[in-house]
Amino acid sequence: MRDVASAVLTILVFPGFGFLFVCALAFHWIDRRVTARFQGRVGPPWFQPFADFVKLLAKEDVLPVGAHERACALLPMVSLAAVLTAALHIPVGGYVVTSFEGDLIVVLFLLSLPALAYFLAGWLSASVFSVVGGSRALLQYFAYEVPFLMALAGPAILVGSWSVSRISGAQSGGLWTLLVQPIGFVLAFIGLIGKLKRSPFDIPKAKSEIGAGPLTEFSGRKLALWHLSLQVKTVVGIFLLVDVFLGGSGGGISLSGVTLFGVKCLLVLLALSVTGVLYARLRIDQLATMGWRVLAPLALVQLLVVVLVGG
Amino acid sequence: MSRRSSLAHLLPELVRTLFARRATVRFPSEPPVLAEAYRGRGVVHAELCVGCGLCVRDCPAFALELEREGRHRFRLVHFEDRCAYCGQCVDSCRQDAIALVSEFPRASPCRTAFTRVLVTHEASEE
Amino acid sequence: MSRITIPIGPQHPALKEPLSFLLTVEGERIVESALRIGYVHRGLERLFQDRSYVQNVHIAERVCGICSHIHTTAYCQGVEALLGLEVPRRALYVRTLLCELERIHSHLLWLGVLAEHIGFTTVFMYAWRDREIVLDIMEDLSGGRVAHAVNAIGGVRIDIENDHIPAIHARLDELERQMEMFLGVIQHERTFQARTRGVGCLTQEQVQRYCVVGPVARASGVAMDIRRDQPYAVYDELSFRVITADEGDVWARTMVRALEIVESMGMCRQLLDKLPEGPLASRAPRRVPAGLVISRCEAPRGELLYVIRSDGSDRPARVKIRTPTLPTLATLKDQLRGVHTADVPTILAGVDLCIACADR
Amino acid sequence: MKGAGTVGAIIRWARRRSPWVLHFNSGGCNGCDIEIVDTLTPRFDVERLGILKESSPRHADILLCTGPVTRQSRARLRRIYEQIPAPKWVVAVGGCSCSGGIFRGGYNVLGGIDQVLPVDIYIPGCPSRPEAIIEGILQLLETIE
């Protein structure tokens, strides 16, 4: 009985949904604030993401005629559920809900589900902008996903395990994977930017080109869930990167470990924000070219090095 | 420019901005900073106004109206919602009675609030 | 591949002003585009006929909010010519100074808009932040950030006090430093180049066929500038270069405009240094003798032309405005053919449309 | 929506602190439009007040209109208003969107946003200063139920 209660508590509060929700809003705020500071502005107050979320929940929910209503209602939930589930396998400060051999694959799969949901949302919501945005999202998915997968395969091969917590734990004594596989980290970082559709890869939702992309026709609750799923995805993606490449919490569950983990996460977030403000948005064909001509070969080289030298 | 690196070209400016004095005004909590010359609300020195109507004649937006009831009885009405704040009335006035002061007109949910009587001149010397 | 039709506008984030496009695309390539304008047609030329010459100065100011001063300059210049009025030299200097300040403001604004359209939000923010420097100068001088109400028939309505001049110089110094940074970004930032080089090309021949004017023409190697070719106000007393480029793409237009800002700052300094003493306006009669006049000015977007016909009364019989944006609109069909949909905002921003001017 | 008790208070609080705006130019001269864009940029930065400029009507709460409404843009203005999900508010920015301003009497202008849509707050000025626009929006937010 106590096991069930603690399991429920784990999933709902820490490091489950409640914790992720708070983290997502906090990271989103930090990101906006840092971006604003770099641009010479002040940025939103700390409660801003929460206010936005509540306001959207309380707004009217409309869809245009011709949109697939059930799918449009379901897709944001699928997207959110996928990233929340992925989070259960990723150690946070050394603490993980469930871990098994091969959960890295599951995590990667769950993290790419939102991209498909995003594409379908664009395709099914009966607006030209969202259709264009959706097809761009799909093209972009193919450009970043392969290098991203290969970059994350490197550490797994090195450690000899496909479990996120093992990979994270294996670095506690020795070197961070970042130092062993710098190219892999850079590729995974770039892949993450693509995954999160952040500037300079915010191609599917390019404001000045196609409105809000696939989300153009969404409003109210659905939009709130979409935003939340993207914000949670940011958090989960950063956790994953920290665990796989930056040594996680440094082994074990301790206060210093958790603090260290938090600091590393914030550093990755800062890096994401800085990359976001430094560059102009690329065009989808430029991203595809970059993905296949530069990133994929580099990932291949990194993998070969790992297999030949490390393995 | 001596720097030739093409990746992260904006970085020095980012750092400079980060440590520069903040560019943002603290407007709602502090009063706005307006230039002295700013052409905002219209005010009239009622004692100088003779009701000649030159300002009304030259106003490009028909934002001024002179309601005349006799030689020395008139009201000068200003419609802030029509006004272009161009200052033509200031130029046209030969008595220097009208001025645009450095204060922007306030928003209002109701258009009637924009109709302001600038001068009410009752027959005093008659 | 299937064709879809994308409507852009009249409300669209890529457009600050209403304008409507129907783009037929195959995949991400545009095969055809149809343009519809007229959303901002307010019937201004008719309004000019209904109001007196004095009121019309302010109507001209509101043809366009970005290049407001140059419209009043062209209008006042025309009416002054009809009147045969001698405008005091100090007034002409002030007028020219505002023209150049407005050019800086307009080009910086445009740089920001372009940057936003290629997803370079930071440069957008910086450009608009530094634009405030010019706006501050203009507000201190004229009392208006956007609508300056400086021109009047026969002169100007504001004066530049001598103790103001060092402050203006200091602000221009600040802006000069920032311009160096912007020029660096334009020339060296790789993602910026990737989005603007080779986009929206116009050849010299196309420019001449469509009668394109202003920075767009100069970026295609056509060195035309009313300020040099037919000097008005006091441009014949200033030294400046006419900036041109050969590439004819959006990048070249960016470069031309950025360098023009630098030139304009130099001109502002010359104007402030040479500012003569004297009266600010000569008295203009309300009735204008019958006649027809053509007044040309170099607006931030190119040649602006006012034709004013008078029948001897206190209001014009006809005012016809030919704005620099009009010929540029005609080139869009050519420019948009075959390009990537993502380049549409870049091209639209690149030619710097001013629909409020074009529609009137 | 009249929320009862705490939930209603939270929703009201959220609405006041997260107004997303959509900008529509119904035929203005650009003056107010560039001042609206100016409120987003470093000098005024309305993001610190929670205001975001959205690109899709579906995401917006407040419609910021400029211009005297030309005949050609009237239908579009109404359509965009209808696309915004409730609760929604309309702000008329600038003299010409309040009353037609200097363009009043033109053959192609209707003379003000309130000829087409119910306007919740009028911001005068030609063009309205960024401060005036911010002040107007804040004044509108005060009245949100």
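The sequence lines fix the lettering, A, B, ..., with proteins before strands; numbering per chain opens at 1. Every value quoted in this text rests on a predicted model; they were computed, and no experiment measured them.
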Q: Walk me through it: do C:Met125 and D:Asp45 pass the test side-chain contact (heavy atoms from CB on, under 4.5 Å)?
A: CA-CA 10 Å; C:Met125 292 291 177; D:Asp45 183 35; over 6 Å; no
Is chain D contacted by the side chain of [X], its backbone, both, or neither, given a heavy-atom distance below 4.5 Å?
| X | answer |
| --- | --- |
| C:Ile59 | both |
| C:Leu109 | side chain |
| C:Glu61 | neither |
| C:Arg360 | neither |
| C:His105 | side chain |

(Q) Between C:Asp359 and D:Thr70, does the side-chain contact (heavy atoms from CB on, under 4.5 Å) criterion hold? Intermediate values first, please. (A) CA-CA 11 Å; C:Asp359 278 353; D:Thr70 58; over 6 Å; no
Taking all heavy atoms of [X] and all of [Y], pick out the closest pair and write down the distance.
| X | Y | result |
| --- | --- | --- |
| C:Cys64 | D:Asn30 | SG-ND2, 4.1 Å |
| D:Pro127 | C:Val146 | CG-CB, 3.7 Å |
| D:Gly28 | C:Ala356 | O-CB, 4.0 Å |
| D:Cys126 | C:Arg62 | SG-NE, 2.8 Å |

Does some side-chain heavy atom of [Y] sit less than 4.5 Å from a side-chain heavy atom of [X]?
| X | Y | answer |
| --- | --- | --- |
| D:Tyr107 | C:His41 | yes |
| C:Arg145 | D:Asp38 | yes |
| C:Arg46 | D:Asn108 | no |
| D:Phe44 | C:Glu132 | yes |
| D:Val69 | C:Arg42 | no |
| D:Ile34 | C:Trp128 | yes |

So for [X], is it side chain, backbone, both, or neither that comes closer than 4.5 Å to the heavy atoms of chain C?
| X | answer |
| --- | --- |
| D:Arg71 | neither |
| D:Thr66 | neither |
| D:Arg79 | neither |
| D:Leu40 | backbone |

Donor-acceptor pairs under 3.5 angstrom involving side-chain atoms of residues 111-120 of chain D: please list them, not counting sequence neighbours.
unit_1	atom_1	unit_2	atom_2	d
D:Asp114	OD2	B:Arg111	NH1	2.9
D:Asp114	OD2	D:Tyr122	OH	2.9
D:Asp120	OD2	D:Val90	N	2.9

Q. So, are C:Asp136 and D:Arg43 salt-bridged, with charged N and O less than 4.0 Å apart?
A.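 Looking at C:Asp136 and D:Arg43, the cut-off is met.
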Q. Can you list the steps and then say if D:Asn25 with C:Tyr39 is a side-chain contact (heavy atoms from CB on, under 4.5 Å)?
A. CA-CA 9 Å; D:Asn25 179 343; C:Tyr39 290 95; over 6 Å; no
Q. Crowded around C:Arg318 CZ? As in, over 12 foreign heavy atoms under 6.0 Å?
A.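 Yes, because the 6.0 Å sphere around CZ of C:Arg318 holds more than 12 heavy atoms from other groups.
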